[in-house]
Amino acid sequence: MRVSTSWMQQQSVNTMMERQGDLSDIQTQMGTGKRINQPSDDPVGAARAVELTHLDADTAQYQRNITSANARLGLEDQTLSSVSNVLDRIRTLTLEGMNGTQTDESRSDIAAEMVQLRSQLMGIANSKDSQGDYIFAGNRTGAAPFVSQAGGVSYVGDEGQRMVAAGPGLQVATGDPGSTIFMDVPTGNGTFVVGATAGNTGTAVAGATSVTDASAWDGGTYQISFTAPDAYEVRDSGGTLVASGAYDTQKGGMVAFNGVQVALSGAPATGDSFTVAPSSTQSVFATMDAIIASFTQTNSGGTDAQNALNGQLANLDQSIGSLTRARAAVGARMNALDQQQALNDDLTLQYKTALSDVQDLNYYDAVSKLSLQSSALQAAQQTFSKLQNLSLFNYIK
């Protein structure tokens, strides 16, 4: 092999440039603290670093979503707490007004306070969050969801729920439509409702109701009729006799049939009757309006008013129950968010640890390589210097 002088010089230059390049790489790694500064440094590691970076960024966004969702749910819970206070006061006033010692005038005074509470409840139901959005409007957050008009209160929001991504595959609702909390409230005991027939002449009043055997209840409409002051019969909507028995207030005045029972009190007259029908829905505002109307009518302590108030008190209890369930759901979501937040913190730590393992520089190795590359460059430079002085003319001189 013939080795020319020019080839040897070029080879020496190439070697020095390679060593300088190696030193430059080490310098860059030590300056950035990263083992991978461009994909060519480690293609597989670079791809893994990109994947881990994306996962870490996604988790950071989940955490921000959780913070926002917790704030919104916290505000909803606080608002529902205010609603609970109003309904508790309404219930206390209702029981107070149903007391036999009250007069029409005192009940009218109670009704006046209830009117104010109704206005307060209306304002709470139309509350806004810090963004100016109505809390209970569903997805129509730009307009007040509850509107007073002739005949009662209407809900003009929708049934939508805002959702946030709190983790991979985990969507959490950050609110509830007002219709489910304030409007679509079951009446009666949630299964059936009892009403006194207009024109009853006795003093019988329907009280507590319950379902003793849900499988026996068919959801039909029935009529309890008194064939005598101490005897009753129950017929379905087709007139078929379902049950009959003796009415005895000393034994609780209980009328039972088809898996349900109704407690009656007072002295019914022959021909008096009560209707047992499937539960429907009624808004909390309609319930309050009915209670206020009962307290403002003449002879508001009479049997008809007592039957009406007993029914509305059951409706009010359903409203309180609906509110309680809504608060429980909000609390459950906040708990789920807290748990997911803790999980996301763990995932963030894992992602950062894995990312560090992939791309961060081991300074012990780097310093060792720096020393090695420096020595190699120095050797190459010294070799080049020696070779430059090798010349045939110098030898024969």
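None of these values were measured; they are calculated from a predicted model.
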What pair of heavy atoms forms the shortest contact from [X] to [Y], and how long is it?
X    : Y    : value
P268 : A204 : CB-CB, 3.7 Å
Q318 : G190 : NE2-N, 3.5 Å
K34  : N37  : O-ND2, 3.0 Å
A206 : N310 : O-ND2, 2.8 Å
V330 : L73  : CG1-O, 3.5 Å
L337 : A69  : CD1-CB, 3.7 Å

Open item on the list: Among T59, D357, D56, which residue satisfies the side chain to side chain donor-acceptor pair (under 3.5 Å) criterion with K352?
Closed with: D56

Open item on the list: So if I apply the side chain to side chain donor-acceptor pair (under 3.5 Å) rule between R35 and each of D360, N362, D42, which one comes out positive?
Closed with: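 Single pass found, and it is D42.
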
Treating Ile, Leu, Val, Met, Phe, Trp and Tyr as nodes and any side-chain heavy-atom pair under 4.5 angstrom as an edge, say whether [X] and [Y] lie in one connected cluster.
X    : Y    : answer
V205 : V255 : no
L347 : I66  : no
Y247 : V234 : yes
V153 : I320 : yes
I124 : L93  : yes

Would you say [Y] and [X] are linked by a side-chain donor-acceptor pair, where the criterion is simply a distance under 3.5 Å?
X    : Y    : answer
T187 : Q282 : no
Q340 : N344 : yes
Q10  : N14  : yes
N315 : Q312 : yes
S154 : Q149 : yes
T209 : N189 : yes

Determine whether [X] and [Y] make a side-chain contact, defined as any pair of heavy atoms from C-beta on separated by less than 4.5 Å.
X    : Y    : value
R235 : S225 : no
I90  : M114 : yes
L80  : F136 : yes
Q341 : D338 : yes
E233 : L241 : yes
P145 : N126 : yes
T197 : D272 : no
I291 : T287 : yes

TODO: Go through L121 and F182 one step at a time and tell me if the side chain to side chain contact (heavy atoms under 4.5 Å, CB included) criterion holds.
DONE: CA-CA 10 Å; L121 181 61; F182 299 96; 4.1 Å; yes

Out of curiosity, [X] [atom1] to [Y] [atom2], how far, rounded to the nearest 0.5 Å?
X    : Y    : atom1 : atom2 : value
L361 : I36  : CG    : CD1   : 11.0 Å
L55  : Q350 : CG    : CD    : 11.0 Å
Q359 : T32  : CD    : OG1   : 9.0 Å
Q373 : E18  : CD    : CD    : 10.5 Å
T240 : Y222 : OG1   : OH    : 9.5 Å
Q102 : R107 : CD    : CZ    : 6.0 Å

TODO: Might you work through the side chain to side chain contact (heavy atoms under 4.5 Å, CB included) test for I224 and F257, ending with a clear yes or no?
DONE: CA-CA 10 Å; I224 303 171; F257 64 97; 4.3 Å; yes

Distance-only, no hydrogens or angles: does the [X] side chain make a donor-acceptor pair with backbone N or O of [Y] under 3.5 Å?
X    : Y    : result
T174 : M163 : no
S294 : A290 : yes
T79  : L75  : yes
N200 : S273 : yes
D213 : S215 : yes
T28  : S24  : yes
S374 : L370 : yes
N65  : A166 : no
S371 : V367 : no
T383 : A379 : yes

- [ ] Step by step, work out the salt bridge (charged side-chain N to carboxylate O under 4.0 Å, His left out) result for D133 and R72.
- [x] CA-CA 11 Å; D133 295 333; R72 187 174 173 81; 5.0 Å; no

Quick check: are there more than 12 heavy atoms from other residues, nucleotides or ligands sitting under 6.0 Å from [atom1] of [X]?
X    : atom1 : value
M17  : CE    : no
K369 : NZ    : no
Q78  : CD    : no
E96  : CD    : yes

Open item on the list: Assess the residue pair R19 and D22 against the criterion (side chain to side chain contact (heavy atoms under 4.5 Å, CB included)); give the C-alpha distance rounded to whole Å, side-chain angles, the decisive distance to 0.1 Å, and a yes or no.
Closed with: CA-CA 5 Å; R19 297 291 79 80; D22 293 339; 3.0 Å; yes

Task: F285-F146 aromatic ring centre distance below 6.0 Å - done: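 Yes, the ring centres sit under 6.0 Å apart.
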
TODO: Name the orientation class of the two ring planes belonging to Y232 and F226 (parallel below 30°, tilted from 30 to 60°, perpendicular beyond 60°).
DONE: perpendicular

Open item on the list: For R91 and D88: C-alpha separation, side-chain torsions, deciding distance, then whether salt bridge (charged side-chain N to carboxylate O under 4.0 Å, His left out) applies.
Closed with: CA-CA 5 Å; R91 194 178 195 283; D88 287 344; over 6 Å; no

TODO: Take V86 and R89 through the side chain to side chain contact (heavy atoms under 4.5 Å, CB included) test and state the conclusion after the steps.
DONE: CA-CA 5 Å; V86 172; R89 179 59 181 163; 5.8 Å; no

